[in-house]
S.K.: 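Next up is a structure, given as structure tokens.
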Amino acid sequence: QVHLVESGGGSVQAGGSLRLSCAVSGYTYSDKCMGWFRQAPGKGREGVATIFPGGSRTSYADSVKGRFTVTQSYAERTVYLTMDNLKSEDSAMYYCAAATHGGSCWLVRSEYTYWGQGTQVTVSS
């Protein structure tokens, strides 16, 4: 059974940093796309970042480029999202997602099959 469990969320001041973790079990993701999405109250779920199979490439939403970094550790079976210089508009529930395919990894919700329950990030001004 596939399980994705996010952790690492919390409350920080603007300009601070957090590292989110997505622990993956019951799934071989080394040849699959992995993604991070977020959803703020009253807003739709938006793509934040993806990491391509093997970690050979990453992609980011324009709003987080230069501030967020997605990495992975196959040994730890974990995908990370490091968030630097956080802004109040980054406040949201953050979700980890796994696709059933590799190749191009789009920041589109429909591309992903498995989802975690989310971890809350709150950034104060």
Side-chain angles (χ1 to χ4, degrees):
Q1 188 173 5
V2 178
H3 292 283
L4 280 64
V5 181
E6 302 96 333
S7 62
S11 298
V12 297
Q13 288 188 303
S17 299
L18 285 173
R19 187 181 75 166
L20 307 184
S21 299
C22 174
V24 183
S25 63
Y27 184 71
T28 300
Y29 72 92
S30 59
D31 61 346
K32 305 296 193 301
C33 300
M34 298 292 293
W36 285 96
F37 292 75
R38 66 186 182 186
Q39 187 166 18
K43 306 288 287 186
R45 190 169 298 186
E46 64 174 340
V48 175
T50 67
I51 186 164
F52 285 56
S56 59
R57 184 179 177 182
T58 56
S59 65
Y60 301 91
D62 288 342
S63 59
V64 306
K65 285 181 179 177
R67 300 188 297 118
F68 290 13
T69 305
V70 60
T71 56
Q72 59 78 31
S73 172
Y74 291 124
E76 298 174 358
R77 301 181 181 90
T78 302
V79 179
Y80 302 96
L81 182 69
T82 302
M83 306 182 294
D84 296 316
N85 191 24
L86 284 160
K87 304 176 180 180
S88 60
E89 53 262 42
D90 294 319
S91 295
M93 184 73 74
Y94 282 72
Y95 298 91
C96 178
T100 56
H101 66 272
S104 296
C105 303
W106 300 93
L107 287 171
V108 178
R109 185 177 181 181
S110 61
E111 291 288 297
Y112 298 86
T113 301
Y114 304 106
W115 296 83
Q117 292 300 115
T119 185
Q120 180 67 45
V121 172
T122 303
V123 184
S124 59
S125 301

S.K.: Could you see if V2 belongs to whatever hydrophobic cluster contains W36? Use Ile, Leu, Val, Met, Phe, Trp, Tyr and a side-chain cutoff under 4.5 Å.
M.R.: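 Yes; W36 is reachable from V2 via cluster members.
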S.K.: Please go through W106's hydrophobic cluster and name the other residues, only I, L, V, M, F, W, Y counting, with side-chain heavy atoms under 4.5 Å joining them.
M.R.: V108
S.K.: Output all residues satisfying side-chain hydrogen bond (donor to acceptor under 3.5 Å, both in side chains) with T78, sequence neighbours left out; order by chain, then residue number.
M.R.: none
S.K.: Can you pull out every disulfide bond (SG atoms under 2.5 Å apart) where at least one residue sits in residues 15-77? Sequence neighbours excluded, please.
M.R.: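 For residues 15-77, and leaving out neighbouring residues, the disulfide bond (SG atoms under 2.5 Å apart) pairs sorted by first residue read C22-C96, C33-C105.
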S.K.: How long is the gap from CD on Q117 to CG on L4, to the nearest 0.5 Å?
M.R.: 10.0 Å
S.K.: Please report the interatomic distance OG1(T82) to CG(L20), rounded to the nearest 0.5 Å.
M.R.: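 Here the interatomic distance stands at 8.0 Å.
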S.K.: Please, which pairs that meet salt bridge (Lys or Arg N to Asp or Glu O under 4.0 Å) have at least one residue in residues 66-77, sequence neighbours excluded?
M.R.: R67-D90
S.K.: Between W115 and I51, is there shared hydrophobic-cluster membership here, with clusters defined by ILVMFWY side-chain heavy atoms closer than 4.5 Å?
M.R.: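 W115 and I51: separate clusters.
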S.K.: Identify whether V121 and F37 are in the same connected component of the hydrophobic contact network (ILVMFWY, side-chain heavy atoms under 4.5 Å).
M.R.: no
S.K.: Just by modelled atom types, is the G9 backbone N or O under 3.5 Å from a matching donor or acceptor in the Q120 side chain?
M.R.: no
S.K.: Determine which pairs satisfy ring-ring contact (aromatic ring centres under 6.0 Å, His included) with at least one residue from residues 42-101, sequence neighbours left out, and list them in order.
M.R.: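 Passing the test, one end in residues 42-101: Y29-Y74.
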S.K.: In the single-linkage hydrophobic clustering (I, L, V, M, F, W, Y; side-chain heavy atoms under 4.5 Å), do L81 and V24 co-cluster?
M.R.: yes
S.K.: Tell me the salt bridge (Lys or Arg N to Asp or Glu O under 4.0 Å) pairs involving residues 42-62, sequence neighbours left out?
M.R.: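 Listed once each, the pairs are R38-E46, D62-K65.
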